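Okay, structure first, notes after.
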Protein chains: 2
Amino acid sequence: MKQISSRFSIAVHILSLIATIPTECTGDFIAGSVNTNPVIIRKIIGMLKKAGLVEVRAGVGGTSLCKDTDQITLLDVYRAVKVIENGELFNFHNHPNPNCTVGRNIESALRAEMRDAQTAMEQKLSNVSLQQLISNFK
Amino acid sequence: MKQISSRFSIAVHILSLIATIPTECTGDFIAGSVNTNPVIIRKIIGMLKKAGLVEVRAGVGGTSLCKDTDQITLLDVYRAVKVIENGELFNFHNHPNPNCTVGRNIESALRAEMRDAQTAMEQKLSNVSLQQLISNFK
DNA sequence: CTCGTTGTAACCAGTATAGTTCTAACCAGT
DNA sequence: ACTGGTTAGAACTATACTGGTTACAACGAG
């Protein structure tokens, strides 16, 4: 990857809309605010639903949050939309040569540092709730 | 992206090899330790060279580090191999609708949090030097 | 019943990754 | 000076992800 997919930012956008103006939230209205195609919105809402963040009452504009806005963190959203492979932000090259000192040792050493770095990032995301984000809107 | 390219882990592997067994480090030998194709190695060494981390004396096995191993951090390597687009880990969807409260406010609010998260991750990488990494090899 | 909406499937263009083949240039040693 | 090993990089491939589109089935509310 070059970047984490905009699915994440779109998902946050969608949840913010549902939180602030729930009555208007049809797929087409959301698509208009995000400025993309309604199908993209439906796909992402599908992922948020699977993750238990929203529920969709069959019918028009029937999407609502399953939790309070202060109980949903950016990390929840980031995990819901599966923007990284298998929970691992960093890819590691396969099967370094075990007959070489470096090849034998690098994987465990470097993976530990990668995990630390990823955790630090995700920790930051978990510190921000949807409520904190939308409370500054004016 | 789904994951940060393995160019990063391969680059760290390459630098570790040059640091520990400089005399053996032909492209083919490195490729054998990393377990990939020599051309991949050459491409990555080219990036490390542009970033000023290594220099290549034309000739056999002529690659050497430009700095001490404790002056090279994982962040330097990560930046050298350009695994993320334009310095931004997170992609943000384009042009939310400014006629909507959420569309108008979300970009600056969310970008700030994204930047915080990315910085936390990169900070962790900058805390680890090549020296620290290879000092545990046995 | 019908219209608007939701939920998917199928498909597309663009682009990144990891890898291969091939060729040119260059250094060192005999 | 020639040759073999090495470095450098262009060109091409297969695969996969992204963001987007069209199309269609199912369903609810008025």
Side-chain angles (χ1 to χ4, degrees), chain A residues 1-11 13-14 17-18 22-32 34-51 54-64 81-86 88-96, chain B residues 1-11 13-14 17-18 22-50 54-64 81-86 88-96:
Chain A
M1 114 200 172
K2 280 291 199 175
Q3 286 192 308
I4 288 174
S5 167
S6 63
R7 271 205 306 280
F8 174 53
S9 66
I10 296 176
H13 191 143
I14 293 172
L17 281 170
I18 297 172
T23 56
E24 304 260 17
C25 286
T26 66
D28 279 28
F29 172 81
I30 297 174
V34 172
N35 191 26
T36 184
N37 190 288
V39 178
I40 305 288
I41 304 299
R42 284 180 230 150
K43 280 183 191 169
I44 295 175
I45 288 181
M47 300 180 103
L48 296 174
K49 196 166 51 171
K50 275 192 191 132
V54 303
E55 55 189 355
V56 182
R57 183 190 69 243
V60 175
T63 309
S64 55
V81 293
K82 300 183 189 306
V83 282
I84 67 173
E85 178 84 21
N86 206 26
E88 298 272 352
L89 177 60
F90 291 89
N91 192 4
F92 193 93
H93 57 289
N94 291 320
H95 311 305
Chain B
M1 109 196 172
K2 281 291 197 174
Q3 287 192 308
I4 289 175
S5 168
S6 63
R7 273 205 305 281
F8 174 53
S9 65
I10 295 177
H13 191 143
I14 292 171
L17 281 170
I18 298 172
T23 56
E24 304 261 17
C25 285
T26 67
D28 280 27
F29 172 80
I30 296 174
S33 175
V34 171
N35 191 26
T36 184
N37 190 289
V39 179
I40 304 290
I41 303 299
R42 291 200 282 267
K43 280 183 190 167
I44 295 175
I45 287 180
M47 299 180 102
L48 296 174
K49 195 166 52 173
K50 274 190 191 132
V54 302
E55 55 190 356
V56 182
R57 182 191 72 241
V60 174
T63 309
S64 54
V81 293
K82 300 183 189 307
V83 282
I84 69 174
E85 178 84 22
N86 206 25
E88 297 273 353
L89 178 60
F90 290 89
N91 192 4
F92 193 93
H93 57 288
N94 290 321
H95 313 304

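From a predicted model like this one, the values you see are computed outputs, not experimental measurements. In what follows, every chain begins at residue 1, and chains take the letters A, B, ... in the order their sequences are listed.
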Once you round it to whole Å, what is the distance between P of D:dA16 and NZ of A:K2?
20 Å
Rounded distance in Å - CD1 (A:I45) to P (C:dT8)
12 Å
Taking only the side-chain nitrogens and oxygens of A:N94, find out if one of them lies under 4.0 Å from OP1 or OP2 of C:dA18.
no
What closest approach, in Å, do B:N35 and A:N94 show between heavy atoms, and which atom pair accounts for it?
ND2-O, 3.8 Å
Atom pair distance, as rounded to whole Å: CG in A:L48 and P in C:dG7
12 Å
Hey, does the side chain of A:S9 reach the backbone of B:H93 with a donor-acceptor pair shorter than 3.5 angstrom?
yes
Who pairs with A:N37 by side-chain contact (heavy atoms from CB on, under 4.5 Å), at least two apart in sequence or on another chain?
A:V39, A:I40
Closest nucleotide among D:dT18, D:dA23, C:dA18 to the A:R42 side chain
D:dA23
Between atom CD in B:Q3 and atom P in D:dC17, what is the gap in whole Å?
10 Å
To check you understand the geometry: which heavy-atom pair defines the closest contact between A:V54 and A:I45, and what is its length?
CG2-O, 4.1 Å
According to a 3.5 Å limit on both distances, what stems of 3 or more consecutive Watson-Crick or G-U pairs are formed with DNA chain C?
C:1-30 with D:1-30
Between N or O atoms, less than 3.5 Å apart, protein on one side and nucleotides 2-4 of chain D on the other: list the pairs.
none

side-chain hydrogen bond (donor to acceptor under 3.5 Å, both in side chains) contacts touching residues 38-50 of chain B (sequence neighbours left out)
none
Going by the rule side-chain contact (heavy atoms from CB on, under 4.5 Å), which residues pair with A:D28 if we only count those two or more places apart in sequence or in a different chain?
A:T26, A:P38
Test side-chain contact (heavy atoms from CB on, under 4.5 Å) applied to B:S33 - qualifying residues, sequence neighbours left out
A:C100, B:H13, B:L17
Which residues share a ring pair (Phe, Tyr, Trp, His ring centres under 6.0 Å) with A:F90, sequence neighbours left out
B:F8
Expected list for residues 30-40 of chain B near DNA chain C, using heavy atoms below 4.0 Å, is B:T36, B:N37, B:V39, B:I40
Among C:dC22, D:dT18, C:dT20, which nucleotide sits nearest the side chain of B:K43?
C:dT20
Has the side chain of A:E88 got a donor or acceptor atom that lies under 3.5 Å from a matching backbone atom of B:Q3?
no
CE of A:M47 versus P of D:dC17: gap in Å, rounded?
12 Å
Would you indicate what B:S6 reaches in the nucleic acid, counting non-hydrogen atoms under 4.0 angstrom: base, sugar-phosphate, or nothing?
sugar-phosphate
Here the pair of heavy atoms bringing B:A11 nearest to B:V81 is CB-CG1, 3.6 Å
In whole Å, I'd like the distance from the CD1 atom of B:I14 to the C1' atom of D:dT7.
14 Å
Polar side-chain atom of B:K2 near backbone of A:S5 as donor-acceptor pair, under 3.5 Å:
no
Checking all strands, does B:G27 fall into the base, sugar-phosphate, or nothing category for heavy-atom contacts under 4.0 angstrom?
sugar-phosphate
Would you say A:K49 reaches C:dG7's phosphate, i.e. side-chain N/O to OP1/OP2 under 4.0 Å?
yes
Nearest whole Å is fine: how far is C:dA18 P from B:I4 CD1?
12 Å
Let's see if you can work this out: which of C:dT17, C:dG7, C:dA16 has an atom nearest to the side-chain heavy atoms of B:S5?
C:dT17
Where do A:L89 and A:I4 come nearest, in terms of heavy atoms and distance?
CD1-CD1, 4.4 Å
Send over the distance from A:I44 CD1 to D:dT18 P, rounded to a whole Å.
11 Å
